[in-house]
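Within every chain, numbering begins at 1; the chains are lettered A, B, ... in the order of the sequence lines, protein sequences first and strands thereafter. Any value given below was found using the heavy atoms of this structure, including those in side chains, with hydrogens, waters and symmetry copies removed.
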There are 4 protein chains.
Amino acid sequence: MSEQRRGAPRSEAARQAILAATAQLFAERGYEQLTIEGIAAEAGVGKQTIYRWWPTKSALVAECLLEGRLLPGQLTLPDTGDLRGDLVGWVEQIFALMDEPTGRGLVTSLVAAATANVEIGARLRDSLGGAESVTTRLTAGVAAGQLPADAPVVELSEALVGAVLLKALSGRAGQPGDAARLVDALVRA
Amino acid sequence: MSEQRRGAPRSEAARQAILAATAQLFAERGYEQLTIEGIAAEAGVGKQTIYRWWPTKSALVAECLLEGRLLPGQLTLPDTGDLRGDLVGWVEQIFALMDEPTGRGLVTSLVAAATANVEIGARLRDSLGGAESVTTRLTAGVAAGQLPADAPVVELSEALVGAVLLKALSGRAGQPGDAARLVDALVRA
Amino acid sequence: MSEQRRGAPRSEAARQAILAATAQLFAERGYEQLTIEGIAAEAGVGKQTIYRWWPTKSALVAECLLEGRLLPGQLTLPDTGDLRGDLVGWVEQIFALMDEPTGRGLVTSLVAAATANVEIGARLRDSLGGAESVTTRLTAGVAAGQLPADAPVVELSEALVGAVLLKALSGRAGQPGDAARLVDALVRA
Amino acid sequence: MSEQRRGAPRSEAARQAILAATAQLFAERGYEQLTIEGIAAEAGVGKQTIYRWWPTKSALVAECLLEGRLLPGQLTLPDTGDLRGDLVGWVEQIFALMDEPTGRGLVTSLVAAATANVEIGARLRDSLGGAESVTTRLTAGVAAGQLPADAPVVELSEALVGAVLLKALSGRAGQPGDAARLVDALVRA
DNA sequence: ATATAAGCGAGACGGTACGTCTTGTCTTGTC
DNA sequence: GACAAGACAAGACGTACCGTCTCGCTTATAT
């Protein structure tokens, strides 16, 4: 029954090397400077091996993002019970990240990647905030009575993440008090 | 007294031709596919004339944006007295624009340009919303008593524009009702 | 044991097309007007394919010269037994060639190429005269008793070829009797 | 009667600066690397001032050569009474010059210039040897009875200079004894 | 066992665009 | 009107990558 494929199976070692090289070069140089040839050389792999499995540079970056190889892990939004404090802390973390040149490059590179690939955009929204962390946290806030029962959690989290991205793009991060003011504007009593 | 420059002055004709060609090719092909060589050819200009006055492709795009050559003019946010209605209509216009492939390309291209150049980012925030239209409209709403006197107009307008951009990036525009829900989430009574 | 090369082997078709294009454009326009870009276009080849195998324009021309693609074939120095007659005839042929604009361009272009590349100079000396034809002919003359046994054949042939080149450079070819006078000055008695 | 020209007369200072700059850059970089822009910059002169008076780079070089700004002055062929010794010494001087990289560059650059401009070729033949020095010296030798009365002085001097040039082009200068052998081959008792 | 396929590293290939350099012409204001 | 300065259209330079295409291995079924 099973029409079994012949020939060598895909090399997992090559796949790992490619994704690792992509993540490293992305971090070092950013999305624009990322080249397939550079990745192939760094990974010790033929270019064809990349083109065989990923149609575009952006697809490759999307897979890295999905595997969590691009974003630092500590950006998680905690739940200490203090909704406002948690949100402000999280936004401040992101602003601090964007104040280092490294961090701003990371965020703009991710956004650049997102402009090239809707899937990266969706992924980025989810992993930066969207469904996963912010929405969850807001929903918890509703359950805890810190937000009205009918609070539009999805819209609020998109607005929060969007405002952060916009600040990243326009290089406006970092003013002390910004984070608190933004959170208060969206999640006020 | 007068620091007198010598040599031929900058050619305004060349400058106009270059900006016009940039705007046209940007609209036709987007930021990524935009090439200095293509612009020079389209404008009937030597490449050096471009490099003499603009250091990068992104600076050239920034100047086009500043001169209003990239964004359709009809995106202005009106003031009919009905704050909520005005905002919802404006967001719906943007969502409608992004539903056409042309429009989404335009917005993502602008964002891509913004990732390459902070000035473009700032400009984009201002011209899409930021200070200029949305903030003004919200301030008018405060004056009209439709918003509390202490409403954080700057933060709210950044959140609104940011949410719109985020939807553009993640390809999520267009669900009917989205615009209204977003506006209500931010500017509720 | 065998140092095995990997990757696609060099394309002989591309090599032939490049050399043919070089020879054609050299004949049409001369060495100075020869451009790598023009050769690539004429040959239907990427520029990099030229740069991959030849370091400079002059190296490319040297290879064409080595393969006999630049000089007309009929310039051979015959051996009819009449040493003086053979030499005079050969010099007259060259002077006649240089009287046409094409011919003078060819020779000055070859010399221009030689100034850029010692190898071309050596090649040119050999193929125009030096070791190959004139020396051989003079040696035959020695054997036939038309020249003294200790005649400095190498120096004489260099002097003959040198004098011809010098006339080519100074545009002095073509006076009837010049060829005979030159040969007599060198190979008298 | 005299149609009097109006306006400023040609600036001799500019002319001198241009020729001096040309000679210097020619010596530093050679004919191929010589650029009108470089000369103008070095001379502190507008490009147009060069184009106004010289049609081409080669005409400019020709004028330098004519004014003796390109060749070292010590290359004169002396007349000590010893014809063979004078000639051998002169050829050895030239060979020695060509053994330094500077010297070979100088000669090949002059030849390159000659390929671009017949006038330079004629000038070069004359100033390196032709009419001026070698022919004169050989004529003196005839008068002194060191050469037969009917010796073809013009042809011999062209052959001598030509052989030297050919050696320069093919990079063959410098073997000790070469100079003597060459002179003996042409001017034997 | 022996075909038959596919994957792989390597790298040549036809292209496109880069950013720089130079050409020869032109346009200023100064002398 | 010559001059220094320098903008301009044109186009070649040599480099970097693109995405495709051979090569000669090295695995894996499938016969």
Chemist: Kindly point out which of E:dA12, E:dG14, F:dC13 is positioned nearest to the side chain of C:Thr49?
Modeler: E:dG14
Chemist: Expected output check: what is the dot-bracket annotation of DNA chain F, where ( ) and [ ] are pairs inside the strand (brackets for crossing ones), | is paired with another strand, and pairs are Watson-Crick or G-U under 3.5 Å?
Modeler: |||||||||||||||||||||||||||||||
Chemist: Are OP1 or OP2 of F:dG6 and a side-chain N or O of B:Trp53 less than 4.0 angstrom apart?
Modeler: no
Chemist: I'd like to know if the side chain of A:Ser109 and the backbone of A:Tyr31 have a donor-acceptor N/O pair within less than 3.5 Å.
Modeler: yes
Chemist: Please give, in whole Å, the distance from E:dC18 C1' to B:Ile39 CD1?
Modeler: 13 Å
Chemist: Which one, E:dC8, E:dG24, E:dC26, comes nearest to the side chain of D:Ile36?
Modeler: E:dG24
Chemist: Among the candidates E:dA17, F:dC3, F:dC13, find the nucleotide nearest to the side-chain atoms of C:Thr35.
Modeler: F:dC13
Chemist: Whole-Å distance between E:dT22 P and D:Leu25 CG?
Modeler: 11 Å
Chemist: Counting heavy atoms from C-beta on, name the nucleotide in E:dC26, F:dA12, F:dT15 closest to the side chain of C:Gln48.
Modeler: F:dT15
Chemist: Taking side chain to side chain contact (heavy atoms under 4.5 Å, CB included) as the test, write out the residues that go with B:Arg52, two or more places apart.
Modeler: B:Gln48, B:Thr49
Chemist: Report the distance from atom OH of B:Tyr51 to atom P of F:dG6, rounded to the nearest whole Å.
Modeler: 22 Å
Chemist: Applying side chain to side chain contact (heavy atoms under 4.5 Å, CB included), name anything that partners A:Arg29, two or more places apart in sequence or on another chain.
Modeler: A:Leu25, A:Gln33
Chemist: Using a cut-off of strictly less than 4.0 Å, decide whether A:Arg52 has a side-chain nitrogen or oxygen near OP1 or OP2 of E:dC8.
Modeler: yes
Chemist: Any idea which of F:dC8, F:dA12, F:dA2 is nearest the B:Ala14 side chain?
Modeler: F:dC8
Chemist: In whole angstroms, how far is the C1' atom of F:dC3 from the CD1 atom of D:Ile18?
Modeler: 10 Å
Chemist: Of all heavy-atom pairs between A:Ala168 and A:Val107, which one has the smallest distance, and what is that distance?
Modeler: CB-CG1, 3.7 Å
Chemist: In whole angstrom, give the distance that lies between atom CZ of A:Arg15 and atom C1' of E:dC8.
Modeler: 17 Å
Chemist: Taking only side-chain N and O atoms of C:Arg6, does any of them lie within less than 4.0 angstrom of OP1 or OP2 on F:dC25?
Modeler: no
Chemist: Report the distance from atom CD1 of B:Ile50 to atom P of E:dT20, rounded to the nearest whole Å.
Modeler: 13 Å
Chemist: Quick check: on DNA chain E, is the nucleotide nearest B:Pro9 upstream (toward 5') of the one nearest A:Gly7, or the reverse? Name the residue that is more 5'.
Modeler: A:Gly7
Chemist: Looking at C:Lys57 and C:Leu34, would you say the former's side chain and the latter's main chain have a donor-acceptor pair under 3.5 Å?
Modeler: yes
Chemist: In plain terms, say whether A:Glu67 and A:Arg15 are close enough for a salt bridge, that is, a side-chain N and a carboxylate O under 4.0 Å apart.
Modeler: yes
Chemist: What is the distance from NZ of C:Lys47 to C1' of E:dA12, rounded to the nearest Å?
Modeler: 18 Å
Chemist: Kindly say whether C:Ile39 contributes a backbone atom to a donor-acceptor pair with the side chain of C:Lys47 at under 3.5 angstrom?
Modeler: no
Chemist: Using a strict threshold of under 4.0 Å (side-chain N to carboxylate O), is an ion pair present between C:Arg123 and C:Glu119?
Modeler: yes
Chemist: Separation of D:Trp54 atom CH2 from E:dT23 atom P, in whole Å?
Modeler: 15 Å
Chemist: Name the closest nucleotide to the B:Glu37 side chain, picking from E:dC8, F:dG1, E:dA17.
Modeler: E:dA17
Chemist: Taking any heavy-atom pair under 4.0 Å as a contact, classify D:Gly38: base, sugar-phosphate, or nothing.
Modeler: nothing
